[in-house]
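Comments concern the structure below.
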2 protein chains.
Amino acid sequence: MADELRTLVERLKAVAHPLRLRVLSLLEPGELCVCQIAETLQVPQSSVSEALRELRRAGFVVERKDGRWVFMSLIPQDQASLFLRGLLGEAAALPEVQRDRLRAEAVKAMAISVVCAKTPQEVPAEHGVTRV
Amino acid sequence: MADELRTLVERLKAVAHPLRLRVLSLLEPGELCVCQIAETLQVPQSSVSEALRELRRAGFVVERKDGRWVFMSLIPQDQASLFLRGLLGEAAALPEVQRDRLRAEAVKAMAISVVCAKTPQEVPAEHGVTRV
DNA sequence: ATGACATTTCGATATTTTCCGATATATACT
DNA sequence: AGTATATATCGGAAAATATCGAAATGTCAT
C-alpha cells in the first residue's frame, strides 16, 4: 500500500549499477547459474550473489535451484515492466554487453564442472577484462 | 569513447531518485519553470535546481530561458530512449505522480508572479502530500 | 561424518550521494 | 546606481551504497 513511487525508485536503483545491469543483460538469452556469471564477468562470486539478490528483490529475475547450483533467469517477457523491456533493448546494443554475451556463450559451451571448480589464477584473462 | 554502459548507468541513476522522478513526470504534460515546480512539490528551490541539473546532464530535459525564468521541458518523444518512454508511462500511473499533476494544474492556473514571489511563511507548509 | 564445492551473508572500509541553508550570479525594474 | 526576484552553486555533515575477503550455510558424494 502506498509509496509506489518509492518502489519504482528502488527498482530503478537496482538497475542503475554497472555490474547489476551487465548481469541482467547476460540473462536475457537464457538462464545461467551464479558460477557461470562470475566466470563470464570475471568478478568475485560474492559480488554476483549480491547483485542477484538486488535484482531478485526488484522483481527482475527469478531463481531455480538445482542441487548446489542456483540458476537465475529473467522474469517472463509478458510480466516485465515497460521500462525494463525498453532498458533491455537499449542495453543489448552496448558493446560491453555484447562482449559479455560472447564470453557467456563460451562459458556455456563448457561443462559446468570445468567452469566452476577453478581457482582464479587459472582463468586466462581475455578481452581486456582485468582481475587483480 | 567507450563505456557506453557507464553512460546508460548514469542515466538510470538520474531517474532513480524520488524527487527527480517526480520532477520528470511533472514535465510530461508541458514545460514548467523552476519556481512552479518548487511550489508544486513543496521542496526547496535549490533541490529542484539540482534535480533539474541532473536530469539535463542525463539528457532527459531541456531548458528555455525567458528573462529570469528557466522553463524546463522533456525532450521530444521521438528523441526519448526506449526505457524513458516506458518509465514515463509507468510513472504516470502512480498516485503520487497524479497528485503532483493536480497540484501543478492549480499552480499553472495562477499568475507566475503570485506563485513565485512568496516568502516561505506564506506557504501552507506540510511536506509532501497535500490536497490541492 | 568428512570433504568438496556453490552460494549467501557478514564485516569493515572506501566511496558516493543526499539534503538544504547560505551564498553567488543573473535578470528586471525603477 | 539600488532593490527585488529567479536560479545556480557551494559547503559539508549525515546517510546510503559499493566492494570484496572471510566466514557461514547448504548440498552432494564418498
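So that the names make sense, note that chain A is the first sequence line, chain B the second, and so on, each numbered from 1. Both backbone and side-chain heavy atoms feed into the values below; hydrogens, waters and symmetry mates do not.
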Among residues at least two apart in sequence or on other chains, which ones pass side-chain hydrogen bond (donor to acceptor under 3.5 Å, both in side chains) with Gln98(A)?
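Counting only residues at least two positions away or on another chain, Gln98(A) forms no side-chain hydrogen bond (donor to acceptor under 3.5 Å, both in side chains).
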Donor-acceptor contacts, no H, no angles, side chain residues 10-17 of chain A, under 3.5 Å, sequence neighbours left out:
| residue | atom | partner | partner atom | Å |
| --- | --- | --- | --- | --- |
| Arg11(A) | NH1 | Ala58(A) | O | 2.7 |
| Arg11(A) | NH2 | Ser81(A) | OG | 3.1 |
| His17(A) | ND1 | Leu19(A) | N | 3.2 |
| His17(A) | ND1 | Arg20(A) | N | 3.2 |

Interface with DNA chain C, restricted to residues 27-38 of chain B and to heavy atoms under 4.0 Å:
none
From CG (Leu94(B)) to CZ (Arg6(A)), nearest 0.5 Å
12.5 Å
Would you give the length of the straight line joining atom CE of Met72(A) to atom CG of Leu52(A), rounded to the nearest 0.5 angstrom?
4.5 Å
[X] [atom1] to [N] [atom2], straight-line distance once rounded to whole Å:
{"X": "Arg22(A)", "N": "dT19(D)", "atom1": "CZ", "atom2": "P", "answer": "11 Å"}
{"X": "Ile112(B)", "N": "dA4(D)", "atom1": "CD1", "atom2": "C1'", "answer": "16 Å"}
{"X": "Leu52(A)", "N": "dA6(C)", "atom1": "CG", "atom2": "P", "answer": "16 Å"}
{"X": "Gln45(A)", "N": "dG26(D)", "atom1": "CD", "atom2": "P", "answer": "16 Å"}

Might you list the N or O atoms of the protein lying below 3.5 Å from N or O atoms in nucleotides 10-15 of chain C, with each pair's distance?
| residue | atom | partner | partner atom | Å |
| --- | --- | --- | --- | --- |
| dC10(C) | N4 | Glu50(A) | OE2 | 2.9 |

Side chains of Val61(B) and Val23(B): does their closest heavy-atom pair fall under 4.5 Å?
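The answer is no; the side chains never approach within 4.5 Å.
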Once salt bridge (charged side-chain N to carboxylate O under 4.0 Å, His left out) is applied, do any residues pair with [X], and if so which ones, sequence neighbours excluded?
{"X": "Glu90(A)", "answer": "none"}
{"X": "Arg56(A)", "answer": "Glu63(A)"}
{"X": "Arg68(B)", "answer": "none"}

Strand-adjacent residues in residues 6-19 of chain A, judged by heavy atoms under 4.0 Å from DNA chain D
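Nucleic-acid contacts, sorted: Lys13(A), His17(A).
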Can you list, in residue-number order, the parts of residues 54-71 of chain B that come under 4.0 Å of DNA chain D, counting heavy atoms only?
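Contacting residues: Arg56(B), Arg68(B), Trp69(B), Val70(B).
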Does [X] use its side chain to pair, donor to acceptor, with the backbone of [Y] at less than 3.5 Å?
{"X": "Ser25(A)", "Y": "Leu21(A)", "value": "yes"}
{"X": "Gln42(A)", "Y": "Glu39(A)", "value": "yes"}
{"X": "Gln45(B)", "Y": "Cys35(B)", "value": "no"}

Please state whether the phosphate of dC20(C), meaning OP1 or OP2, lies under 4.0 angstrom from any side-chain nitrogen or oxygen of Ser47(B).
yes
Show, in sequence, the C-alpha distance, side-chain angles and deciding distance for Phe83(A) and Leu8(A), and conclude whether the side-chain contact (heavy atoms from CB on, under 4.5 Å) test is met.
CA-CA 10 Å; Phe83(A) 92 81; Leu8(A) 178 54; 3.8 Å; yes
Show me the donor-acceptor pairs, under 3.5 Å and distance only, between side chains in residues 26-34 of chain A and residues at least two apart or in other chains.
| residue | atom | partner | partner atom | Å |
| --- | --- | --- | --- | --- |
| Glu28(A) | OE1 | Arg101(A) | NH2 | 2.8 |
| Glu31(A) | OE1 | Arg64(A) | NE | 3.2 |
| Glu31(A) | OE2 | Arg64(A) | NH2 | 2.6 |

Grab the stems for DNA chain C, please: at least three consecutive Watson-Crick or wobble pairs, both distances below 3.5 Å, written as range with range.
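As far as DNA chain C goes, consecutive pairing (with distances under 3.5 Å) yields the stems C:1-30 with D:1-30.
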How does the hydrophobic cluster around Trp69(A) look, that is, which other residues are in it when side-chain heavy atoms under 4.5 Å mark a link?
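Members alongside Trp69(A): Phe71(A), Ile112(A).
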Starting from Ile75(A), can I reach Leu82(B) by hopping between I/L/V/M/F/W/Y residues whose side chains sit under 4.5 Å apart?
no
